[in-house]
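The structure appears below as structure tokens.
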Number of protein chains: 2
Amino acid sequence: MTDATALIDALDRAGYRLTEPRRAMAGLISDQTGHFTAADLVVDARTRRLGIGRATIFRALDLFEDLGVVERLDLPSGDHAYVPCEPIHHHHVICSSCGRTEDVDDPGIDAVTRSVARRTGFRIDSHRLELFGLCPACAGSVDPR
Amino acid sequence: MTDATALIDALDRAGYRLTEPRRAMAGLISDQTGHFTAADLVVDARTRRLGIGRATIFRALDLFEDLGVVERLDLPSGDHAYVPCEPIHHHHVICSSCGRTEDVDDPGIDAVTRSVARRTGFRIDSHRLELFGLCPACAGSVDPR
DNA sequence: CGTCCAGATGATACAGAGTCTCATGTAGGC
DNA sequence: GCCTACATGAGACTCTGTATCATCTGGACG
Ligand SMILES: [Zn+2]
Ligand SMILES: [Zn+2]
Ligand SMILES: [Zn+2]
Ligand SMILES: [Zn+2]
């Protein structure tokens, strides 16, 4: 789906060791379509008999998240899902049906945060925006109105 | 902090029984300052020797959430926290220091979602926006620049 | 190349969140 | 006041994520 190289490069650039399990994780992640959970990766690693321990999967996922090449989504269900993405500030549109996501750059939230800051007196440092809906493919198939 | 009556009324209006444990939960929730977790309520219920079971706490919390009088926040830490609030669409500014939140009505996200929909082809059905920062009190005390 | 060791791993135990079951209790309509 | 559908509490259970620790290995260095 995406490119495992980007994940591996990020590790390398940050000075982390390029170990076998980490390379395998990069492969697993880049093969995912749409968002995925830690449990998904555990299952996939198991299926492919990669011999990667559960703890390592969580550790690598945290690492990729710290490096900004993977981002955590908080699904309405309460589950934590992840998507590979660029290490710059942006947001996600998430398909509620197939889980595919697309990055969207900050579309005008600055004005919003400034306005909120003015009205509430809060000093706003960060924000999270998630947009849920149906991707073109899913919208087309379930809703051929 | 907030008003327990609003929580109880919401149950009543939706046709749920007004049981002792649910009234107690409404009390616990309205006494919270800032956001709180299910675990917080378990501790508080225990401390006050209310004799409410853990399962009941989770069940009541889910119920209040369904009724829209309590909303779940996904903290950057990954924890699930809750805040009592009005059952209409709105967002929260969250103080990273004391956990206090303030409701903010939709500040201009509609334009954002429309623009994103146009650019990505997604049909956007819902969204979540959370703003993190420091409330006036906390900003004043830690940052008297 | 081979040596070496800080950093990484996997097994396992553990802690916490949330769910399920089921016998018992009770709200509230009659 | 009775009755029953709905709610509760206890406790077992599942799942996510973390901690510990003995063992292993990437890659720096010679
Ligand atoms: Zn889709
Ligand atoms: Zn943004
Ligand atoms: Zn504060
Ligand atoms: Zn909104």
Side-chain angles (χ1 to χ4, degrees), chain A residues 7-29 32 35-67 70-82, chain B residues 7-29 32 35-67 70-82:
Chain A
L7 299 175
I8 295 169
D9 283 357
L11 287 173
D12 200 14
R13 252 177 289 115
Y16 290 98
R17 288 192 183 167
L18 304 184
T19 67
E20 236 2 273
R22 284 175 181 165
R23 289 174 192 279
M25 275 288 290
L28 284 180
I29 290 175
Q32 302 292 322
H35 53 61
F36 57 90
T37 63
D40 291 337
L41 297 181
V42 171
V43 169
D44 290 358
R46 197 140 216 312
T47 306
R48 302 192 194 176
R49 309 204 193 297
L50 297 178
I52 305 180
R54 229 172 70 86
T56 300
I57 291 180
F58 280 95
R59 285 187 286 233
L61 209 40
D62 282 355
L63 195 47
F64 287 131
E65 194 185 359
D66 285 348
L67 296 175
V70 150
E71 199 166 301
R72 196 191 71 224
L73 302 179
D74 296 299
L75 301 183
S77 70
D79 288 346
H80 289 166
Y82 296 84
Chain B
L7 299 175
I8 296 170
D9 283 357
L11 288 173
D12 199 13
R13 252 178 288 115
Y16 290 99
R17 289 191 184 168
L18 304 184
T19 68
E20 233 6 88
R22 283 175 182 165
R23 289 175 192 279
M25 276 290 289
L28 285 180
I29 291 174
Q32 302 292 323
H35 53 59
F36 57 89
T37 63
D40 291 337
L41 297 181
V42 171
V43 169
D44 290 359
R46 208 149 202 306
T47 306
R48 304 194 192 174
R49 308 202 194 299
L50 296 178
I52 305 180
R54 229 171 70 87
T56 300
I57 290 180
F58 279 95
R59 285 187 286 231
L61 209 40
D62 282 356
L63 196 46
F64 287 131
E65 194 185 359
D66 285 349
L67 296 175
V70 151
E71 200 166 301
R72 196 191 73 225
L73 302 179
D74 297 298
L75 302 183
S77 69
D79 289 347
H80 289 167
Y82 296 86

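Below, read A as the first sequence line, B as the second, and so on, with proteins coming before strands; counting in each chain starts at 1.
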Partners meeting salt bridge (charged side-chain N to carboxylate O under 4.0 Å, His left out) with [X] (sequence neighbours left out):
X	answer
B:R23	none
B:R72	B:D74
A:R54	none

What residues form a side chain to side chain contact (heavy atoms under 4.5 Å, CB included) with [X], not counting sequence neighbours?
X	answer
A:D12	A:L18
B:D62	B:E65
A:D66	none
B:A14	B:Y16, B:L67

Can you give each donor-acceptor pair under 3.5 Å made by side-chain atoms of residues 40-51 of chain B, sequence neighbours left out, with the distance rounded to 0.1 Å?
from: B:D40; atom 1: OD1; to: B:T37; atom 2: OG1; distance (Å): 3.4
from: B:D40; atom 1: OD2; to: B:T37; atom 2: N; distance (Å): 2.8
from: B:D40; atom 1: OD2; to: B:T37; atom 2: OG1; distance (Å): 3.3
from: B:D44; atom 1: OD2; to: B:Q32; atom 2: NE2; distance (Å): 2.8
from: B:T47; atom 1: OG1; to: B:V43; atom 2: O; distance (Å): 2.8
from: B:R48; atom 1: NH1; to: B:D31; atom 2: OD2; distance (Å): 3.2
from: B:R48; atom 1: NH2; to: B:D31; atom 2: OD2; distance (Å): 3.2

Residues in contact with DNA chain C, drawn from residues 35-43 of chain A - heavy-atom cutoff 4.0 Å: none
Axis-to-axis angle across the helix from C:dC1-D:dG30 to C:dC30-D:dG1, five pairs an end, to 10 degrees? 40°
Can you give one letter per nucleotide of nucleotides 20-30 of chain D, 5' to 3': B if a protein heavy atom sits under 4.0 Å from the base, S if only from the sugar-phosphate, - if neither? B----BBS---
Earliest and latest nucleotide of DNA chain C, 5' to 3', sitting under 4.0 Å from a non-hydrogen atom of chain B? C:dA17 to C:dG28
